[in-house]
K.L.:
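Below is a structure I'd like to ask you about.
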Amino acid sequence: MHPAIILFVVAILGSVLLSFVPVEFPYSRPTFFGLGILLGGAVAFFMGRPKAQATRTEDIATVTLYVGNLPYRANEHSVQQTFERFGKVLSVRLMKDRQTGRRRGFGFVEMLTEDAQAAINGLNDQQFQDRTLKVREAKERRDQEEE
DNA sequence: CCTGAGCGG
């Protein structure tokens with residue numbers, strides 16, 4: 001439900017509640033309505049928060065980098081640390097065969113678009129744990145990312 | 001552990 005609707009309903013509810021309080025209730029109807037607005041606003045605030053975060057996440061421009069020729073002993077943490085020398089790393093996925101559990105020697109690193117080129121320049125064809133890394137923009141296989 | 005081109009869940 002939209003936060004604004006909740007705000008409105010709570011406000012209306014607040015003013016209607018006035019009819020159930022004694023006549024000598026010290027607060028006026030507009031004041032009560034105002035309290036309803038405040039309460040509704042608080043509800044709307046907390047309901048709106050996760051939504052706002054999701055929107056911000058979608059607004060971050062990222063690229064997924066293909067990382068090939070990885071050593072089988074490489075773990076996600078070491079790869080992430082390596083790429084973080086060049087910028088913000090959003091996610092690291094090292095692909096391994098689901099049946100055998102064997103590492104496949106490549107993976108994907110999601111980075112901020114503004115940092116990705118530096119990571120490609122800095123890491124492609126560079127040595128990483130005795131292997132020569134291949135780093136380039138990933139071909140989008142499933143969903144489309146910003147470039 | 002085993003493997004060496006490769007673009008995923």
Side-chain angles (χ1 to χ4, degrees), chain A residues 1-20 27 29-147:
Chain A
M1 183 180 290
H2 196 281
I5 297 179
I6 294 185
L7 189 153
F8 187 71
V9 168
V10 173
I12 294 295
L13 214 57
S15 69
V16 167
L17 280 175
L18 230 199
S19 55
F20 295 105
Y27 300 112
R29 185 177 293 265
T31 300
F32 216 95
F33 189 85
L35 288 175
I37 289 284
L38 288 178
L39 182 56
V43 172
F45 176 76
F46 285 111
M47 288 200 62
R49 278 217 123 180
K51 228 175 184 179
Q53 283 179 343
T55 301
R56 280 200 301 276
T57 299
E58 290 165 6
D59 287 343
I60 296 175
T62 66
V63 229
T64 300
L65 268 29
Y66 165 81
V67 186
N69 210 33
L70 282 165
Y72 293 129
R73 61 186 174 281
N75 58 51
E76 298 197 350
H77 191 67
S78 64
V79 171
Q80 172 162 352
Q81 286 187 330
T82 300
F83 278 79
E84 273 178 346
R85 297 195 292 126
F86 298 92
K88 181 74 173 174
V89 174
L90 283 282
S91 66
V92 176
R93 269 199 297 272
L94 300 186
M95 311 321 287
K96 54 180 79 170
D97 191 300
R98 269 300 158 102
Q99 277 72 42
T100 69
R102 280 154 52 179
R103 297 216 171 104
R104 300 183 62 193
F106 74 93
F108 297 92
V109 176
E110 188 183 7
M111 293 191 73
L112 288 186
T113 299
E114 59 191 84
D115 299 329
Q117 194 55 52
I120 293 174
N121 293 339
L123 293 173
N124 186 40
D125 290 332
Q126 294 303 302
Q127 292 299 119
F128 175 77
Q129 297 179 8
D130 300 322
R131 301 282 303 177
T132 303
L133 241 42
K134 303 288 188 179
V135 183
R136 47 201 63 155
E137 274 193 34
K139 303 161 57 174
E140 58 270 14
R141 203 56 189 160
R142 296 190 97 207
D143 47 35
Q144 322 254 10
E145 299 279 359
E146 297 292 300
E147 60 160 1

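Below, read A as the first sequence line, B as the second, and so on, with proteins coming before strands; counting in each chain starts at 1.
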K.L.:
Report the C-alpha separation of Met95(A) and Phe108(A) in whole Å, then their side-chain angles, then the decisive distance to 0.1 Å, and conclude whether the side-chain contact (heavy atoms from CB on, under 4.5 Å) test is met.
P.N.:
CA-CA 8 Å; Met95(A) 311 321 287; Phe108(A) 297 92; 4.0 Å; yes

K.L.:
Using the side-chain heavy atoms of Met95(A), tell me which of these nucleotides is nearest: dG9(B), dC7(B), dA5(B).
P.N.:
dG9(B)

K.L.:
Between dC7(B), dG9(B), dT3(B), which one does the side chain of Phe108(A) approach most closely?
P.N.:
dC7(B)

K.L.:
So what does Gly105(A) touch, heavy atoms closer than 4.0 Å: a base, only the sugar-phosphate, or nothing?
P.N.:
base

K.L.:
Taking for each residue the nucleotide of DNA chain B bearing the nearest heavy atom, is the 5' side occupied by Arg102(A) or by Arg93(A)?
P.N.:
Arg102(A)

K.L.:
Just the rounded figure in Å: distance from C1' of dG6(B) to CZ of Arg136(A).
P.N.:
11 Å

K.L.:
In whole angstrom, what separates Asn69(A)'s CG from dC7(B)'s P?
P.N.:
13 Å

K.L.:
Among Thr62(A), Val79(A), Val109(A), find the residue that satisfies the side-chain contact (heavy atoms from CB on, under 4.5 Å) test when tested with Val89(A).
P.N.:
Val109(A)

K.L.:
Which whole-number value in Å describes the distance from Tyr66(A) OH to dG8(B) P?
P.N.:
9 Å

K.L.:
Separation of Phe106(A) atom CZ from dA5(B) atom P, in whole Å?
P.N.:
14 Å

K.L.:
Taking atom CZ of Arg73(A) and atom CZ of Arg103(A), what is their separation to the nearest 0.5 Å?
P.N.:
10.5 Å

K.L.:
Can you find a pair of side-chain heavy atoms, one from Thr132(A) and one from Gln127(A), that are under 4.5 Å apart?
P.N.:
yes

K.L.:
In whole Å, I'd like the distance from the CG atom of Leu94(A) to the P atom of dC7(B).
P.N.:
16 Å

K.L.:
With a 4.5 Å heavy-atom cut-off, do Phe128(A) and Val67(A) have their side chains touching?
P.N.:
no

K.L.:
Measure the distance from CG on Leu70(A) to C1' on dG8(B) and round it to the nearest whole Å.
P.N.:
13 Å

K.L.:
Relative to the 5' end of DNA chain B, which residue comes earlier, Arg98(A) or Arg73(A), by the nucleotide with the nearest heavy atom?
P.N.:
Arg73(A)

K.L.:
From C-beta outward on Arg131(A), which listed nucleotide comes closest to its side chain: dG9(B), dG4(B), dG6(B)?
P.N.:
dG4(B)

K.L.:
Without decimals, in angstroms, what is the distance between Lys96(A) NZ and dA5(B) P?
P.N.:
21 Å

K.L.:
Check for me: is Tyr72(A) stacked on dT3(B) by the 5.5 Å centroid and 30° plane-angle rule?
P.N.:
yes

K.L.:
Expressed in angstrom and rounded to an integer, what is the separation of Gln129(A) atom CD from dG4(B) atom P?
P.N.:
19 Å

